[in-house]
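The structure under discussion appears below in the form of structure tokens.
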There are 2 protein chains.
Amino acid sequence: MVDSAEKQRGYEAQLRDAGVRMTRPRRAILKILAETADHPDAMEIFRRAVALDDSISLSTVYRTMKLLEDKGAIQRHAFAGGPSRFEQADGAHHDHLIDIDTGNVIEFQSDRIEELQNEIAKSLGYDIVHHRLELYGRKRRKR
Amino acid sequence: MVDSAEKQRGYEAQLRDAGVRMTRPRRAILKILAETADHPDAMEIFRRAVALDDSISLSTVYRTMKLLEDKGAIQRHAFAGGPSRFEQADGAHHDHLIDIDTGNVIEFQSDRIEELQNEIAKSLGYDIVHHRLELYGRKRRKR
DNA sequence: CTCTTGTTGCAAACGATTTGCATTTGCATT
DNA sequence: AATGCAAATGCAAATCGTTTGCAACAAGAG
């Protein structure tokens with residue numbers, strides 16, 4: 001298992017180098033992101049953050065998420081219907097399979113699909129800036 | 001070119017058969033949907049509807065869109081950032097390429113990608129209920 | 001330690017959408 | 001054609017996720 005404390009230090013260093021001030025709320029949020037393996041939304045991050053620093057405010061969470069997104073430290077996913085959910089941007093690119101019944105998110109990746117996307121965009125005269133591929137599914141009943 | 005008036009009549013018949021009351025606002029909205037080739041959002045539909053019936057209200061537009069969605073007559077697309085946009089559900093399935101600069105939506109379809117999606121879901125133990133594939137791109141600069 | 005500037009918490013504003021409610025309307029029934 | 005009632009409407013207020021204005025505050029360069 002990866003050392004999340006170390007990961008957090010990495011985050012902080014990276015951001016400080018980018019000229020970002022290291023404040024108490026930001027440290028709390030980075031800690032949460034470094035430790036988390038799921039895709040929490042702003043409210044969930046806020047809840048976890050309050051446990052570390054009870055003076056933190058929801059707006060700061062939102063502002064920080066935007067900042068981290070701009071700096072490329074996290075990725076924002078706007079799944080159908082609900083609020084934006086976030087994840088660290090350190091891993092490789094992947095898409096999502098969302099369990100309709102539980103809201104669980106499973107990550108997957110397919111080079112072949114990416115290739116096809118590029119071909120399609122190209123044939124339409126476009127360059128892809130980013131894309132969104134989400135499968136909404138239900139666990140296959142045991143047969 | 002397809003006769004949109006006829007298409008509209010088709011809509012109405014289909015809905016009446018499903019036990020849906022045909023009201024003035026609903027007729028207006030169906031007319032708009034039958035005539036439209038783009039992907040308008042609720043506000044845009046409301047604007048066009050007011051031109052046909054100036055007593056229509058925005059909430060009725062929203063209620064009607066939900067009704068039509070439930071009845072399977074239209075499809076709702078929640079593109080990144082903006083409001084939901086709608087289109088008729090009569091055509092074949094397709095995905096979307098959204099022009100980042102203009103908001104234009106281009107439809108495309110790839111059997112190959114659909115196949116791959118199914119394979120992936122299957123290998124993860126899921127059945128796909130629906131999916132969302134959106135390419136966000138920028139028109140290729142002439143070179 | 002001080003100064004400057006960025007950051008915070010709070011509350012109010014926001015855009016998209018939904019809802020409660022009193023009123024109107026579709027339409028099946030007389 | 002007149003009636004009755006459930007369903008649909010318009011309006012305003014509520015809701016949800018998110019952003020913003022602002023005065024107080026704190027990071028970190030000097």
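Reminder, nothing fancy here: chain letters follow the sequence lines and each chain counts from 1. Just so it is clear, the values below take in all heavy atoms, side chains as well, and ignore hydrogens, waters and symmetry mates.
The nearest whole Å value for the distance from the CE atom in M43(B) to the P atom in dC14(C) is 15 Å. What separates CZ of F46(A) from C1' of dT8(C) is a distance of 13 Å, to the nearest Å. Between the P atom of dG28(D) and the CG atom of L15(A) lies a distance of 12 Å, rounded to the nearest Å. Across the protein-nucleic acid pair, D41(B) atom CG and dG15(C) atom C1' stand 11 Å apart, rounded to whole Å. Distance E44(A) CD to dG17(D) P: 13 Å, rounded to the nearest Å. The distance from atom CG of D53(A) to atom P of dA26(D) is 12 Å, rounded to the nearest whole Å. One interatomic measurement links the two molecules: CG of L58(B) to P of dT19(C), which rounds to 14 Å at whole-angstrom precision. Y62(A) places its OH atom 19 Å from the P atom of dA12(C), with the value rounded to the nearest Å.
Residues E119(A) and K122(A) are not paired through a salt bridge, judged by the lack of any N-O separation under 4.0 Å between the basic side chain and the carboxylate. Salt-bridge check for E12(B) with R9(B): failed, with every basic side-chain N at 4.0 Å or more from each acidic carboxylate O.
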Check nucleotides 1-3 of chain D against the protein and report each pair of N or O atoms closer than 3.5 Å, with its distance, or say if there are none.
none

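For the side chain to side chain contact (heavy atoms under 4.5 Å, CB included) test, residues two or more places apart in sequence or in another chain that qualify with D101(A) are D99(A), R138(A). A search for side chain to side chain contact (heavy atoms under 4.5 Å, CB included) contacts involving A89(A) returns nothing, not counting sequence neighbours. In this structure, Y126(A) has no ring pair (Phe, Tyr, Trp, His ring centres under 6.0 Å) partners at least two apart in sequence or on a different chain. For R24(B), the salt bridge (Lys or Arg N to Asp or Glu O under 4.0 Å) criterion is met by D53(B), not counting sequence neighbours. Residues meeting the ring pair (Phe, Tyr, Trp, His ring centres under 6.0 Å) test with H77(B), sequence neighbours left out: F79(B), H96(B). By the side chain to side chain contact (heavy atoms under 4.5 Å, CB included) test, L52(B) pairs with A28(B), K31(B), I32(B), sequence neighbours left out.
In this structure a side-chain-to-backbone donor-acceptor pair under 3.5 Å is present from Y136(B) to A80(B). A donor-acceptor pair under 3.5 Å links the side-chain atoms of S123(B) to the main chain of I120(B), judged by distance alone.
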Can you run through DNA chain C from 5' to 3' and write each base as (, ), [, ], | or . depending on how it pairs? Watson-Crick or G-U wobble, both distances under 3.5 Å.
||||||||||||||||.|||||||||||||

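Nearest nucleotide to the S57(A) side chain, out of dG10(D), dT18(C), dC10(C): dC10(C).
At a threshold of 4.5 Å between non-hydrogen side-chain atoms, the residues K139(B) and T102(B) do not count as touching.
Taking the ring centroids of H93(B) and H131(B), they lie under the 6.0 Å cut-off.
Within the structure, the ring-ring contact (aromatic ring centres under 6.0 Å, His included) test picks out no pair touching residues 45-64 of chain A (sequence neighbours left out). Identified under the salt bridge (charged side-chain N to carboxylate O under 4.0 Å, His left out) test for residues 59-69 of chain A, with sequence neighbours left out: E69(A)-R76(A).
Residues from residues 63-89 of chain B with heavy atoms under 4.0 angstrom of DNA chain D, sorted by number: R63(B). Listed by residue number, R21(A), M22(A) are the residues of residues 20-36 of chain A with a heavy-atom contact under 4.0 Å to DNA chain D.
Residue S55(A) places at least one side-chain N or O under 4.0 Å from the OP1 or OP2 atom of dG9(C).
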